[in-house]
Participant: 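So that we are looking at the same thing, I have put the structure below in structure tokens.
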Amino acid sequence: MPELPEVETIKRELNKDIIGKKIVDVVIKNPKVIKQITPAKFSSQIKNSSIKQIIRKGKILIFGLSTGKFLVIHLRMTGQLVFPGNKEKSRVSFVFSNKKILDFNDSRLLGELKLMDDWRNLKFIKELGPEPFEINETVFGKMLGAKKTKIKPLLLDQKFIAGIGNLYAAEVLFRSRVYPERPASSLSSKEKKLLFKEIKDTLREAIKCGGSSIDQYVRLSGKRGNYAAHHKVYNRKDKPCFVCKTPVKRMVQGGRGTYFCPKCQK
DNA sequence: AATGGGACCTGCGCGC
DNA sequence: TGCGCGCAGGTCCCAT
């Protein structure tokens, strides 16, 4: 579900709502989502700590706790953080001293909660590529130039660049007019430059809208994000391209659906 | 090195 | 109404 804009939205809302708050209880309704530590230890080591800071790395959220430990949250496909929660769909509930509850919901149970001494030790995080906002177009161009792989799966590769997922990869390629099967190294310098710009613009616009709510994703408040109204191709199979009216197509690349305009994207 | 397929999971919408 | 299938904002692992 959530890509950089969605996780960033949640991070900003958490920053407003739960910094300094004390967790007095951790209720685990489905232990499957707790990784690398027993559920009992997970609860007991979080209980009675307060939240000092919220960090985002790519699509991962990290809560810095007053004990010095870190709660690492990967929402994967259907993870939600909702505050205050409603318990119903909750897999794990964090109960605060004022009785309000932060719920981790996750219908597909693919999400992960970890408690770590240092989040920097996580293999996935160590291997994470740079975020689009951390590099410039020259660096991005050089990164692409070295890769013969298809551009769309490459954008999904978190080791290559962090934060882009299936939805935004399709959107940025449409906006750059680049066909998703093109080898990365085949992009002209003009195309690389445009792609880099569209990645940053798209992510920024999506953050401004509070992310894209297609199915499961909601903001911390439970409200939907509004960016789906701006999607150009994602989830628009057979609908007319906003530029040329040609029906948007869907194909499969690396097992993932890819939406594109067969006329606009070369 | 680059692909493809399957696995992890649940739940929705669709066509029959 | 009921059932089976395809599909899902992610990532890992294995085979070719």
Side-chain angles (χ1 to χ4, degrees), chain A residues 1-11 29-36 56-61 72-81 88-92 104-114 122-129 143-174 180-186 199 202-203 205-207 209-219 224-238 250-259:
Chain A
M1 144 184 131
E3 307 179 29
L4 189 151
E6 288 72 34
V7 182
E8 177 65 19
T9 298
I10 295 172
K11 181 204 149 176
K29 298 174 181 156
N30 194 320
K32 223 162 217 165
V33 297
I34 315 286
K35 310 286 182 184
Q36 292 181 355
R56 181 189 58 74
K57 284 284 158 189
K59 305 171 188 172
I60 294 190
L61 274 174
V72 178
I73 302 181
H74 197 156
L75 300 170
R76 291 287 188 102
M77 294 291 266
T78 53
Q80 302 177 324
L81 284 174
E88 254 178 45
K89 297 187 285 181
S90 174
R91 304 300 194 182
V92 178
F104 173 72
N105 305 335
D106 186 10
S107 68
R108 284 174 71 182
L109 294 172
L110 298 172
E112 299 182 341
L113 304 185
K114 294 169 185 161
L122 250 193
K123 181 168 173 275
F124 182 82
I125 287 187
K126 276 186 184 167
E127 293 176 349
L128 222 44
M143 286 163 61
L144 283 185
K147 298 283 184 179
K148 287 178 181 157
T149 173
K150 291 171 183 169
I151 184 66
K152 200 261 189 170
L154 183 62
L155 292 176
L156 293 185
D157 181 355
Q158 301 302 293
K159 296 185 179 88
F160 178 74
I161 194 162
I164 300 172
N166 204 36
L167 189 165
Y168 293 105
E171 290 297 311
V172 300
L173 287 174
F174 172 79
E181 301 253 73
R182 287 267 301 281
S185 55
S186 78
I199 288 173
T202 304
L203 296 180
E205 289 163 25
I207 292 169
C209 291
S212 300
S213 288
I214 301 298
D215 177 23
Q216 297 265 321
Y217 162 76
V218 288
R219 306 172 64 147
R224 295 165 63 80
N226 295 323
Y227 192 69
H230 302 270
H231 293 174
K232 306 282 191 276
V233 287
Y234 187 81
N235 237 359
R236 295 196 66 250
K237 182 175 183 295
D238 296 335
R250 179 186 181 273
M251 66 176 159
V252 176
Q253 278 181 301
R256 321 273 332 256
T258 294
Y259 298 88

Participant: Under 3.5 Å between N/O atoms: give me all the protein pairs with nucleotides 1-3 of chain B, atom names plus distance.
Facilitator:
residue, atom, partner, partner atom, Å
B:dT3, OP2, A:T149, OG1, 2.7

Participant: Grab the CG-P distance between A:L61 and C:dG10 for me, whole Å please.
Facilitator: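 Rounding to the nearest Å, CG of A:L61 and P of C:dG10 are 15 Å apart.
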Participant: Give A:F124 one of three labels, base, sugar-phosphate or nothing, depending on what nucleic acid heavy atoms sit under 4.0 Å from its own.
Facilitator: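 A:F124: backbone/sugar contact only, no base atoms under 4.0 Å.
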Participant: How many whole angstroms separate atom CD of A:Q80 from atom P of B:dG11?
Facilitator: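 Taking atom P of B:dG11 as the reference, CD of A:Q80 is at 12 Å.
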Participant: Tell me which one of A:R219, A:K57, A:R56 satisfies salt bridge (charged side-chain N to carboxylate O under 4.0 Å, His left out) with A:E8.
Facilitator: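 Only match with A:E8 under salt bridge (charged side-chain N to carboxylate O under 4.0 Å, His left out): A:R56.
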Participant: Tabulate atom names and distances for all N/O pairs under 3.5 angstrom spanning the protein and nucleotides 3-8 of chain C.
Facilitator:
residue, atom, partner, partner atom, Å
C:dA8, OP1, A:R250, NE, 3.4
C:dA8, OP1, A:R250, NH2, 3.0
C:dA8, OP2, A:R250, NH2, 3.1
C:dA8, N3, A:R108, NH1, 3.0

Participant: Just wondering, do A:K59 and A:L75 contact through their side chains at under 4.5 Å, heavy atoms?
Facilitator: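 No, too far: nothing below the 4.5 Å cut-off.
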Participant: In dot-bracket form, 5' to 3', how is DNA chain C paired? Count Watson-Crick and G-U wobble pairs only if both distances fall under 3.5 Å, and write | where the partner sits on another strand.
Facilitator: .|||||||.|||||||
Participant: If you check the A:E3 side chain, which of C:dG10, C:dT11, B:dT10 turns out closest?
Facilitator: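 Between C:dG10, C:dT11, B:dT10, the one nearest the side chain of A:E3 would be C:dG10.
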Participant: Rounded to the nearest Å, what distance is computed from the CD atom of residue A:Q158 to the P atom of nucleotide C:dC12?
Facilitator: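 The distance from CD of A:Q158 to P of C:dC12 comes to 9 Å, rounded to the nearest Å.
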Participant: Decide if atom NZ of A:K148 counts as having more than 12 heavy atoms of other residues, nucleotides or ligands within a radius under 6.0 Å.
Facilitator: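 Open.
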Participant: Are the aromatic rings of A:H231 and A:Y259 close, with centres under 6.0 Å apart?
Facilitator: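 Distance test on ring centres: not under 6.0 Å, no.
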Participant: Report, as yes or no, whether the 6.0 Å neighbourhood of atom NZ on A:K29 holds more than 12 heavy atoms from other residues, nucleotides or ligands.
Facilitator: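 Above 12, so yes.
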